[in-house]
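The structure under discussion appears below in the form of structure tokens.
Note that these values count all heavy atoms, side chains included, but never hydrogens, waters or copies made by symmetry.
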Amino acid sequence: MVATLRKRTRALNPQMVIETGSESENDDVCCEECGSGHSPAELLLCDGCDKGYHLFCLRPILVNVPKGSWFGPCCTKQKKPKSFPLIQTKIVDFFRIQRNVETPEKLSQDNRKKRRRGSSLVVSKKRRKMLPYHPSEDPAVRLKQMASLATALTATGTEFSNKLTYRPGMVPREANCPDCEQGGMQVLSKEDFETLNLCKIMMERGECPPLMVVFDPQEGFTVEADKPIKDWTIITEYAGDVDYLKNRENDDGDSIMTLLSAADPSKSLVICPDKYGNIARYINGINNHTREGRKKQNLKCVRFDVNGESRVLLIANRDIPKGERLYYDYNAYENEYPTEHFV
């Protein structure tokens with residue numbers, strides 16, 4: 001992920017102190033949570049009452065300074081998001097579920113098992129094969145899972161999309177060229193592509209990944225496994241609008257994902273799920289500055305060349321038991337995301 005922490009606060013920052021030679025105007029600005037006035041450039045002032053809050057003391061944490069007016073806990077009462085109606089017709093319409101989607105025979109589980117049995121031990125050691133997720137068998141359970149995602153998407157003003165979108169005025173499809181990746185990009189194998197395609201088809205017909213989106217007062221929206229998930233299972237693809245990184249360097253979005261890290265920075269691309277997105281945007285990152293934080297990681301984020309298009313997959317990197325929350329390392333590539341205050 002990519003994030004640029006800006007210093008747009010009303011508290012004095014160190015440079016202002018140097019220029020004015022005085023701190024007196026900022027002596028009484030302290031964080032309401034920790035009581036400290038340190039890190040003034042990360043100390044937000046509520047536009048309603050002028051009380052201060054550190055970005056990292058807020059719950060959920062704010063990674064970036066928000067644009068426009070901001071009101072702190074003193075002037076707002078954080079409420080649990082209103083649940084999406086647990087009505088099948090509304091869920092079907094929200095996710096545009098297609099009842100007549102059929103799975104190609106070559107993607108059937110029986111065929112996949114046959115291929116695995118026919119593979120030599122040497123080949124299996126060279127490259128592990130990705131696994132499709134296994135949806136919950138009970139339709140009522142799947143309905144609850146999809147309603148939890150619809151609740152989060154509605155609360156954040158996001159329209160569901162399970163693919164990369166190329167909107168006019170942003171990035172043309174041809175700009176997403178894996179050949180531009182600095183150092184090259186691994187190509188998704190034919191068999192893994194079939195597995196990814198199977199996951200897409202299952203989602204289109206309402207067989208969602210076995211995941212629940214829950215709201216946590218400390219972390220905000222977060223995702224947990226609703227049934228055991230095996231190591232190397234495809235969890236989801238990161239979806240959203242594709243844009244140039246240079247256009248988003250001052251964006252306050254907290255879910256921007258690197259799509260293409262080009263040798264020419266002007267060609268680097270990111271995925272922005274603020275308008276269109278899927279469950280990927282609610283999977284949280286680890287605090288990779290601590291050992292305990294790193295131990296929480298159970299997914300990995302990997303960029304692949306998929307038929308000449310760069311795409312980002314979230315894949316289980318170990319067995320995940322039911323009820324465990326999903327986490328991955330936001331800094332797997334650039335080490336630019338400020339995770340030191342993550343819970």
Side-chain angles (χ1 to χ4, degrees), residues 1-8 55 62-68 70 96 149 152-186 188 196 200 203 220-221 223 235-285 299-314 328-339:
M1 284 205 166
V2 178
T4 302
L5 189 63
R6 295 182 307 287
K7 310 298 183 184
R8 190 179 62 80
L55 295 174
L62 280 183
V63 177
N64 295 310
V65 177
K67 293 179 180 178
W70 177 82
R96 299 183 293 278
L149 174 55
L153 290 168
T154 302
T156 54
T158 307
E159 183 175 332
F160 175 73
S161 174
N162 210 31
K163 62 183 181 180
L164 298 179
T165 51
Y166 299 90
R167 299 173 65 186
M170 295 177 69
V171 172
R173 164 64 183 81
E174 56 270 19
N176 184 3
C177 178
D179 290 340
C180 296
E181 175 75 11
Q182 188 171 11
M185 182 179 295
Q186 58 184 316
L188 192 70
L196 175 61
K200 293 280 189 180
M203 187 65 195
F221 286 112
V223 180
I235 302 298
T236 187
E237 177 177 353
Y238 212 93
D241 289 332
V242 179
D243 202 357
Y244 289 109
L245 171 61
K246 61 186 178 182
N247 294 340
R248 298 284 180 153
E249 288 180 329
N250 293 320
D251 197 293
D252 63 357
D254 61 356
S255 302
I256 297 177
M257 169 67 74
T258 298
L259 177 63
L260 192 66
S261 183
D264 180 354
S266 67
K267 296 181 179 180
S268 292
L269 305 178
V270 291
I271 305 172
C272 309
D274 52 333
K275 302 296 183 184
Y276 299 89
N278 60 6
I279 200 167
R281 72 163 295 182
Y282 305 112
I283 299 177
N284 286 331
L299 304 182
K300 67 176 182 177
C301 173
V302 189
R303 299 199 296 262
F304 285 100
D305 177 345
V306 183
N307 292 338
E309 181 184 35
S310 176
R311 287 160 69 175
V312 180
L313 304 184
L314 295 179
Y328 67 100
D329 187 357
Y330 284 4
N331 291 320
Y333 291 103
E334 293 82 8
N335 296 312
E336 293 183 357
Y337 206 91
T339 66

Inset, instruction - Taking ring-ring contact (aromatic ring centres under 6.0 Å, His included) as the test, write out the residues that go with Phe160, two or more places apart. - result: Phe95

Legend entry - Thr236 side chain reached by Met203 side chain, heavy atoms, under 4.5 Å: no

Side chains of residues 165-173: which donor-acceptor pairs under 3.5 Å do they make with residues two or more places apart or in other chains?
| unit_1 | atom_1 | unit_2 | atom_2 | d |
| --- | --- | --- | --- | --- |
| Thr165 | OG1 | Gly240 | O | 3.2 |
| Thr165 | OG1 | Asp241 | N | 3.4 |
| Thr165 | OG1 | Asp241 | OD1 | 2.5 |
| Tyr166 | OH | Asn176 | ND2 | 2.9 |
| Tyr166 | OH | Glu309 | OE2 | 2.6 |
| Arg167 | NH1 | Asp241 | OD2 | 2.9 |

Inset, instruction - Please round to the nearest 0.5 Å and tell me the distance separating atom SG of Cys272 and atom CZ of Arg248. - result: 3.5 Å

Inset, instruction - May I ask you to check whether over 12 heavy atoms, not counting those of Lys200, lie within 6.0 Å of atom NZ? - result: yes

Inset, instruction - Starting from the C-alpha separation in whole Å, work towards a yes-or-no answer on side chain to side chain contact (heavy atoms under 4.5 Å, CB included) for Val302 and Gln186. - result: CA-CA 9 Å; Val302 189; Gln186 58 184 316; 3.1 Å; yes

Legend entry - Interatomic distance, Ile271 atom CD1 to Glu237 atom CD [nearest 0.5 angstrom]: 7.5 Å

Inset, instruction - Identify the heavy atoms of Pro273 and Arg281 that sit nearest to each other, and give their distance. - result: O-NH1, 3.2 Å

Legend entry - Heavy-atom closest contact (Ser261 atom, Arg303 atom, distance): CB-NH2, 3.7 Å

Legend entry - Check: Ser255 and Asp274 side chains under 4.5 Å, non-hydrogen atoms: no

Legend entry - Separation between CZ of Arg311 and CG of Leu259, rounded to the nearest 0.5 Å: 10.5 Å

Legend entry - Over all atoms of both residues, closest heavy-atom pair of Gly277 and Leu153: O-CD2, 3.9 Å

Legend entry - Inter-residue atom distance Lys275.NZ - Ser161.OG, 0.5 Å rounding: 14.5 Å

Legend entry - Considering all heavy atoms, the nearest Leu149-Ile279 contact: CD1-CA, 3.8 Å

Inset, instruction - Grab the two heavy atoms, one from Phe221 and one from Ala155, that are nearest each other, plus how far apart they are. - result: CZ-CB, 3.7 Å

Legend entry - Spacing of Asn307 atom CG and Leu188 atom CG [to the nearest 0.5 Å]: 8.5 Å

Legend entry - Any donor-acceptor pair under 3.5 Å from Ser268 side chain to Ala262 backbone: yes

Legend entry - Main-chain N/O of Leu314 paired to Tyr328 side chain as donor or acceptor, under 3.5 Å: no

Inset, instruction - Hey, could you give me the CG/CG distance between Leu269 and Leu245, rounded to the nearest 0.5 Å? - result: 8.5 Å

Legend entry - Check: Lys246 and Pro265 side chains under 4.5 Å, non-hydrogen atoms: no

Inset, instruction - Could you walk me through whether Leu196 and Phe304 pass the side chain to side chain contact (heavy atoms under 4.5 Å, CB included) test, one step at a time? - result: CA-CA 12 Å; Leu196 175 61; Phe304 285 100; over 6 Å; no

